[in-house]
Amino acid sequence: MSESRRKLTALPEWQALVEHFREVKDLHLRNLFREDPGRAERFSIEDCGIFLDFSKNRITDRTLELLLRLAESREIGLREAIEAMLTGQPINATEGRAVLHTALRNRSATPLIVNGEDVMQSVKGGPGVLPVLEKVCRFAQQIRQLERRGWSGKPIRNIVNIGIGGSDLGPAMAVEALRPYSDRRLTFRFVSNIDGSHLAEALQGLDPAETLFIVASKTFTTLETTANAVAARQWLFSSLPNRSPQAEREALAKHFVAVSANPQRVAEFGIDPDENLFLFWDWVGGRYSVWSAIGLPLAIAVGPENFLAFLDGAWQIDEHFRRRPFRQNIPVILALLGIWYINFFGFHSYAVLPYCQLLVRFPAYLQQLDMESNGKQARLRPIQGEEFVQWSTGPVVWGEPGTNGQHAFFQLLHQGTEIIPCDFIGFAESVYPLKDHHAKLLANLVAQTEALAIGKTEAEAERELRQECERTGMPFRRDLVPHRFFPGNRPSNTLLAERLDPPTLGKLIAIYEHKVFVQGVIWDINSFDQFGVELGKQLASRLLPAIEQADGPIPSENSSTRQLISWIRRHRQPKSEGAA
Ligand code: G6Q
């Protein structure tokens, strides 16, 4: 990779796309399909048990050729960037770190040497990927065999994960997604929000003597997590019949474990780092950490074998990503299509629609993965004076499972003035075959992709309306035709797999991780930092005392901020006094 890079928009490969866009922007998917019987087959990829049909995108063969040229551009250096990530080079340049979540699922038994050390075995003299994974699996097994007991001798049955952002969304999403594989004797709850109602509700009905808290925090300094962990510790202690310091220490050792990269803070909290800490490392970004010990709740829920299968699925995609030519590379193709819509068509919103209720948290998970990674504008390798991008980067990512979404926001997808590219995700088989439910679910998935792409012309709408009027005796109204017109030409990808099992979930996540990475490389941003979340945190800690106090100065120049805090003070005051 060269030190600095020309503007993306100045690259000849980009300019060729700009020109091509003018020629093809108005082509309609209806015609593209009609004129080309081989389109679906040509614009599909099947590998690692994942089938991607990307034919319902507003592309021609030439578009794909030009997008692939962009991906191959020497100046962008995507191939080198992929290799640099997978081999542990410090590609997170703004934080001076490697990005090695792929090492966490390296199932190849090959060493991964970073700074002269095989990180699979040890990191900075401490345990590396494999010893920690073994510890995670051993611990998960003990819980599943009801061998881990609480202070009263009762087995642990409730797992409460306390963590936020990357220390919450991954395991919360995955435990839900793989619920059919989980041990039903165990209960899993996830607490992230500093809003006290989150912890309070999560603890409802739980017996402290049977509850294990996993305090998941890379830094172990996160406000929400430390406050919730302290409150949870208090909840445990106040349930003890004898509250001596010794009893508290013993209870803590039995009911609290930590997942963190900061052993010192873990020890300060009272958790023994030797016994009850599951370590991970600074080169695992929060939103990429579900493969690390952050996945402990998942390992407990589905068992070590399934957890390893989950890692294995992701590893298969790592291999696919590394070795497949870009034309057959699922993450690369998805990334290029995203760029085509964001940067050329100007479609800045993008929906993920899993036709699978178990993937209910998947859109939220991807939202963090994508928006925290690529919601940036500072360039990574600028020429001096061009520090900021002059092209769009990460889109707004959102979604809901189908068919629910169909009864909510699909109206806008079909007829709204915004065009929102979608990813549909579905599975050939259901984990719960219930009569014909699954066939109906799949019929809806496929139908939606066709309806979005092909639409319904005004002539078709009119013909249908006339038939309906004849059938029902209703008078024909021409003015209704535009309301029944579907413009179509709304692009989507469809990702299919046989079933949602642990390896498939691993594959899906890894596909999106790499897609986001490819886009970040092309956009010349660092997908692995998140400075954008800091300013709000800083201000919150400055404003906290002003909210806690009944009066006194409010440390803000901003009149709206002062007004809001004054209002809060006026309305909080009586309650605080009452409580005191
Ligand atoms: C993810 C982010 C962020 C992080 C949380 C929790 O990539 O860095 O979501 O995971 O802020 O941080 P801790 O794990 O340090 O508590």
Side-chain angles (χ1 to χ4, degrees), residues 94 162-169 172 190-204 217-232 234-235 286-287 346 348-351 361 363-378 387-390 392-400 408-409 412 416-418 420 525 529-580:
T94 56
I162 300 180
I164 194 164
S167 299
D168 166 64
L169 283 162
F190 291 83
V191 179
S192 51
N193 207 321
I194 188 69
D195 180 345
S197 56
H198 204 182
L199 180 69
E201 285 296 332
L203 297 182
Q204 281 295 320
S217 176
K218 181 171 161 182
T219 55
F220 227 78
T221 56
T222 304
L223 167 93
E224 292 87 342
T225 303
T226 46
N228 280 325
V230 167
Q234 197 50 40
W235 178 77
R287 56 195 172 276
H348 299 292
S349 176
Y350 147 65
R361 299 289 286 148
Y365 177 81
L366 288 191
Q367 195 169 55
Q368 181 190 26
L369 174 65
D370 201 321
M371 294 173 77
E372 202 166 51
S373 297
N374 285 346
K376 319 250 160 92
Q377 46 186 280
E387 276 77 15
F388 295 98
V389 298
Q390 286 157 26
S392 293
T393 61
V396 176
V397 181
W398 57 284
E400 272 289 314
F409 53 80
L412 185 148
T417 50
E418 299 300 315
I420 301 178
I525 53 179
D529 61 17
Q530 56 281 316
F531 293 109
V533 301
E534 292 307 321
L535 177 60
K537 283 196 220 169
Q538 281 167 12
L539 288 181
S541 63
R542 179 153 21 114
L543 295 177
L544 177 61
I547 296 212
E548 282 175 326
Q549 289 150 15
D551 43 35
I554 296 171
S556 174
E557 303 273 297
N558 183 278
S559 62
S560 166
T561 301
R562 287 199 307 274
Q563 171 176 266
L564 291 171
I565 292 184
S566 304
W567 191 96
I568 291 168
R569 279 175 168 178
R570 283 199 304 280
H571 290 81
R572 267 190 112 216
Q573 203 48 30
K575 279 195 204 112
S576 317
E577 276 171 4

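A donor-acceptor pair under 3.5 Å is absent between the side-chain atoms of H198 and the main chain of V191, judged by distance alone. At distances below 3.5 Å, at least one donor-acceptor pair connects side-chain atoms of R569 with backbone N or O atoms of Q549. Formation of a donor-acceptor pair under 3.5 Å by the K376 side chain with backbone atoms of G394 is not found in this model. Panel note: side chain D529, backbone F531; no donor-acceptor pair is recorded below 3.5 Å. Remark: side-chain polar atoms of N228 are paired, donor with acceptor, to backbone N or O of N193 under 3.5 angstrom.
Residues A546 and P553 share a closest heavy-atom pair of CB-O, 4.3 Å. Across I554 and S566, no two heavy atoms sit closer than the pair CD1-OG, 3.8 Å. Minimum heavy-atom separation, I420 to A351: CG2-N, 3.8 Å. The two residues I194 and E224 have their closest heavy-atom pair at CB-CG, 3.6 Å. The two residues R287 and E372 have their closest heavy-atom pair at NH1-OE1, 3.2 Å. Taking every heavy atom of both residues into account, S556 and L543 meet most closely at CB-CD2, 4.4 Å.
In this structure, the separation between CD on E548 and CZ on R572 is 7.5 Å, given to the nearest 0.5 Å. Rounding to the nearest 0.5 angstrom, the gap separating the CD1 atom in I565 from the CG atom in L544 is 9.5 Å. Separation of atoms CD (Q377) and OG1 (T393) is listed at 7.5 Å; rounding is to 0.5 Å. The CZ atom of F190 sits 11.5 Å away from the OG atom of S167 when rounded to the nearest 0.5 Å. With rounding to the nearest 0.5 Å, the separation of CD1 in I568 from CD in Q563 is 10.5 Å.
The closest side-chain heavy-atom distance from E201 to Q204 is below 4.5 Å. Looking only at side-chain heavy atoms (C-beta outward), M371 and L366 stay at 4.5 Å or farther from each other. Counting only heavy atoms from C-beta outward, the side chains of P363 and E400 never approach each other to under 4.5 Å.
Atom CD of E418 has 12 or fewer neighbouring heavy atoms from other residues, nucleotides or ligands inside a 6.0 Å radius. No more than 12 heavy atoms of other residues, nucleotides or ligands shown are found within 6.0 angstrom of CG on D551. Enclosure of atom CD in E387 by more than 12 non-hydrogen atoms of other residues, nucleotides or ligands within 6.0 angstrom is indicated. Atom CD of Q367 has more than 12 neighbouring heavy atoms from other residues, nucleotides or ligands inside a 6.0 Å radius.
Checked against the 6.0 Å centroid threshold, F409 and W398 count as a close aromatic pair.
Results of the side chain to side chain contact (heavy atoms under 4.5 Å, CB included) test with Y365 over D168, V397, D370, L169 single out L169 as the only residue that passes.
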Pair W235, L203 - check side chain to side chain contact (heavy atoms under 4.5 Å, CB included), show working.
CA-CA 9 Å; W235 178 77; L203 297 182; 3.6 Å; yes

Give the intermediate values and the outcome of side chain to side chain contact (heavy atoms under 4.5 Å, CB included) for residues T561 and L564.
CA-CA 5 Å; T561 301; L564 291 171; 5.6 Å; no

Given the rule in the side chain to side chain contact (heavy atoms under 4.5 Å, CB included) test, do T226 and T221 qualify, once you have shown the distances and angles that lead to the verdict?
CA-CA 6 Å; T226 46; T221 56; 5.7 Å; no

